[in-house]
Amino acid sequence: LEASGPVIDAAPRWRKANDAYEWGPVKSIRHNDLDRLPDLPPYFGNETSLNDSRNDSFYQELQEAHEAWDNILRRDSMRLVIDLQPGECVLVANQRCMH
């Protein structure tokens, strides 16, 4: 199986006041630390080298974003614990409930 897409997918919408684009409600979340591909720096053109200082900034911001996301996921308020009895099961919608 193979899938791709943004970690957080939100419905786009237009704000009419200044004709600006903004995000609407979250449609789905894709997150799995076990099989996530490595994050690559942005492409700045042919002159870009792997040691470009802009890559340092990219990876610093990326690290901060990953830490913020992990902190949200670790909150007790984001967890639901259900004690199951023998014979019971739980069904989840993969893009609506992280499990």
Side-chain angles (χ1 to χ4, degrees):
L1 295 176
E2 187 175 309
S4 64
V7 173
I8 300 174
D9 187 19
R13 66 179 176 195
W14 285 94
R15 199 166 87 197
K16 295 187 180 199
N18 61 1
D19 209 27
Y21 185 74
E22 64 179 27
W23 293 108
V26 172
K27 295 189 318 185
S28 65
I29 296 176
R30 297 174 183 91
H31 178 80
N32 185 340
D33 277 336
L34 300 177
D35 66 2
R36 188 168 59 201
L37 291 172
D39 298 298
L40 300 174
Y43 179 70
F44 296 114
N46 291 335
E47 79 286 351
T48 303
S49 74
L50 292 176
N51 297 322
D52 193 309
S53 63
R54 293 173 288 192
N55 290 343
D56 295 338
S57 174
F58 169 80
Y59 283 115
Q60 178 63 36
E61 290 178 23
L62 184 66
Q63 180 65 31
E64 291 170 6
H66 282 300
E67 288 173 5
W69 180 243
D70 288 341
N71 287 336
I72 291 170
L73 297 180
R74 279 195 288 266
R75 293 179 190 161
D76 285 342
S77 62
M78 300 300 286
R79 297 178 184 264
L80 173 66
V81 178
I82 301 173
D83 292 324
L84 298 176
Q85 300 301 314
E88 295 180 330
C89 70
V90 173
L91 300 176
V92 295
N94 281 344
Q95 292 183 349
R96 294 181 149 248
C97 177
M98 292 180 32
H99 54 91

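The distance from the NZ atom of Lys27 to the CD1 atom of Ile8 is 13.5 Å, given to the nearest 0.5 Å. Taken from CG in Asp83 to CD in Glu88, the straight-line distance is 9.5 Å, to the nearest 0.5 Å.
Linking ILVMFWY side-chain heavy atoms closer than 4.5 Å, directly or via other members, places Val90 and Val81 in two distinct hydrophobic clusters.
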